[in-house]
K.L.:
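Structure in structure tokens, see below.
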Amino acid sequence: DKARIYPTVVFADTALSEFTKEKTYTPLSVEEAVARASAVYSIFSEHNVDVIRIGLCENEGLHSDKTVGGAHHPALGELVLNRYYLTRILNELRTIDPKPNATIVIETAPNALSQAIGQKKCNLYELEKAYPQNLIRFFPSCSLCGKEVKIFVKEN
């Protein structure tokens, strides 16, 4: 009923760091780890499994100077949730196929709005690239909760 997602981080002075140096192991980039972890998160979400942690937490034992590769990013969990929402929104928009010049309205639960918009508005920018002839608007909706997303198109 609960899960944690930990993409591999390569720590200095470990066997895995030696494999990395010898090129017998290639660590995931942060981008690839985000894509894979987002897919895993989606599977857990579809089966009502609560994901309680994504990625290693920065603490006394984990610092950037102790890692030599892999999925180490201080906001990895946030990036994974951003990708999860972007994928959901894009998949739904493909089924709607909005007409040019229409406004695409995306509503989320209030506590999920920033994750749907994305860190530094990355999801908004990706949606604007995918639908350049449309206006994209995000709104919080108190009628939605959890990971619910509602998308509709307003003809202008």
K.L.:
Testing the basics here: between V9 and A71, what is the closest heavy-atom pair and its distance to 0.1 Å?
P.N.:
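Residues V9 and A71, closest heavy atoms: CG2-O, 3.6 Å.
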K.L.:
Can you find a pair of side-chain heavy atoms, one from R83 and one from E31, that are under 4.5 Å apart?
P.N.:
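The answer is yes; the side chains approach within 4.5 Å.
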K.L.:
Distance from I136 atom CD1 to Y131 atom OH, nearest 0.5 Å?
P.N.:
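So the CD1 of I136 and the OH of Y131 are separated by 8.0 Å.
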K.L.:
Decide whether Y84 and V51 are clustered together by the hydrophobic rule: side chain heavy atoms of Ile, Leu, Val, Met, Phe, Trp, Tyr closer than 4.5 Å, transitively.
P.N.:
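Same hydrophobic cluster.
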K.L.:
Return yes if some donor-acceptor pair links the side-chain N/O of N134 with the main-chain N/O of T103 below 3.5 Å, else return no.
P.N.:
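No, N134 side chain to T103 backbone: no donor-acceptor pair under 3.5 Å.
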K.L.:
Say you draw a straight line from CG of L124 to CZ of R137; how long is it, rounded to the nearest 0.5 Å?
P.N.:
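If we round to the nearest 0.5 Å, L124:CG and R137:CZ are 8.5 Å apart.
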K.L.:
If the threshold is 4.0 Å, N to carboxylate O, is there a salt bridge linking K150 and E92?
P.N.:
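The answer is no: the pair does not qualify as a salt bridge.
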K.L.:
Could you tell me the separation between the CG atom of L90 and the CZ atom of R94, rounded to the nearest 0.5 Å?
P.N.:
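Rounded to the nearest 0.5 Å, the CG-CZ separation comes out at 5.0 Å.
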K.L.:
If you define the side chain from C-beta out and look only at heavy atoms, does anything of I151 sit under 4.5 Å from I96?
P.N.:
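With C-beta onward as the side chain, the pair touches.
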K.L.:
From K147 NZ over to N111 CG, what is the distance, rounded to the nearest 0.5 angstrom?
P.N.:
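With rounding to 0.5 Å, NZ (K147) is 10.5 Å from CG (N111).
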K.L.:
Closest heavy-atom contact between A3 and V49?
P.N.:
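Scanning both residues, the minimum pair turns out to be CB-CG1, 3.8 Å.
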K.L.:
Quick one: are F11 and L16 in side-chain contact, heavy atoms under 4.5 Å?
P.N.:
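With C-beta onward as the side chain, the pair stays apart.
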K.L.:
What do the steps show when you test N91 against R88 for side-chain hydrogen bond (donor to acceptor under 3.5 Å, both in side chains), and what is the final call?
P.N.:
CA-CA 5 Å; N91 287 343; R88 284 187 62 196; over 6 Å; no
K.L.:
Heavy atoms, side chains only, cut-off 4.5 Å: are N123 and I117 in contact?
P.N.:
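N123 vs I117: side chains apart.
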K.L.:
Can you give me the closest heavy-atom contact between A112 and G146, atom names plus distance?
P.N.:
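Heavy atoms only, the tightest pair is CB-O, 4.0 Å.
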K.L.:
Do the side chains of V34 and L76 get nearer than 4.5 Å, heavy atoms only?
P.N.:
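Side-chain contact under 4.5 Å: yes.
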K.L.:
Let me confirm one number: the NZ-NZ distance from K21 to K23, rounded to the nearest 0.5 Å.
P.N.:
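These two atoms lie 11.5 Å from each other.
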K.L.:
Are the side chains of I106 and Y85 in contact, using a 4.5 Å heavy-atom criterion?
P.N.:
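No; the side chains remain at least 4.5 Å from each other.
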K.L.:
Ignoring hydrogens, what is the shortest heavy-atom contact between Y6 and R53? Give both atom names and the distance.
P.N.:
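Heavy atoms only, the tightest pair is OH-CD, 3.5 Å.
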K.L.:
Has T108 got a side-chain atom pairing as donor or acceptor with V149's backbone, closer than 3.5 angstrom?
P.N.:
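Between the backbone of V149 and the side chain of T108 there is no qualifying donor-acceptor contact (under 3.5 Å).
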K.L.:
Using every non-hydrogen atom in the two residues, find where P98 and L93 come nearest and quote the distance to one decimal.
P.N.:
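In terms of heavy atoms, the two residues are closest at CD-O, 3.7 Å.
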K.L.:
One pair to check against side-chain contact (heavy atoms from CB on, under 4.5 Å): K154 and V105. What are the steps and the verdict?
P.N.:
CA-CA 7 Å; K154 290 173 49 177; V105 178; 3.9 Å; yes
K.L.:
Indicate, with yes or no, if L113 and V80 share a hydrophobic cluster defined by side-chain heavy-atom contacts under 4.5 Å among Ile, Leu, Val, Met, Phe, Trp and Tyr.
P.N.:
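Both belong to a single hydrophobic cluster.
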K.L.:
Applying side-chain contact (heavy atoms from CB on, under 4.5 Å) to C122 and N82, what does each step give before you reach the verdict?
P.N.:
CA-CA 8 Å; C122 63; N82 293 169; 4.1 Å; yes
K.L.:
Please examine the side chains of F138 and L127, heavy atoms only from C-beta on, and report whether any two atoms are closer than 4.5 Å.
P.N.:
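Of all side-chain heavy-atom pairs linking F138 with L127, at least one is under 4.5 Å.
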K.L.:
So how far is it from Y125 OH to L86 CG, rounded to the nearest 0.5 Å?
P.N.:
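Rounded to the nearest 0.5 Å, the OH-CG separation comes out at 14.0 Å.
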K.L.:
Should we say atom CG of D50 is surrounded by more than 12 heavy atoms from elsewhere, each under 6.0 Å from it?
P.N.:
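Check passes, neighbour count above 12.
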K.L.:
Could you check whether any side-chain heavy atom of I54 comes within less than 4.5 Å of a side-chain heavy atom of L79, counting everything from C-beta outward?
P.N.:
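Heavy-atom side-chain distance check fails, nothing below 4.5 Å.
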K.L.:
I'd like to know if V40 and V30 are part of one continuous hydrophobic network [Ile/Leu/Val/Met/Phe/Trp/Tyr, side-chain heavy atoms within less than 4.5 Å].
P.N.:
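Same cluster: V30 reaches V40 through Ile, Leu, Val, Met, Phe, Trp or Tyr contacts under 4.5 Å.
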K.L.:
If we ignore hydrogens and angles and just use 3.5 Å, is the side chain of E148 paired with the main-chain N or O of C145 as donor and acceptor?
P.N.:
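The answer is yes, because a donor-acceptor pair under 3.5 Å joins these two groups.
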K.L.:
Considering all heavy atoms of both residues, which atom of A12 and which atom of S17 are nearest to each other, and what is their separation?
P.N.:
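So the two residues come closest at C-OG, 4.0 Å.
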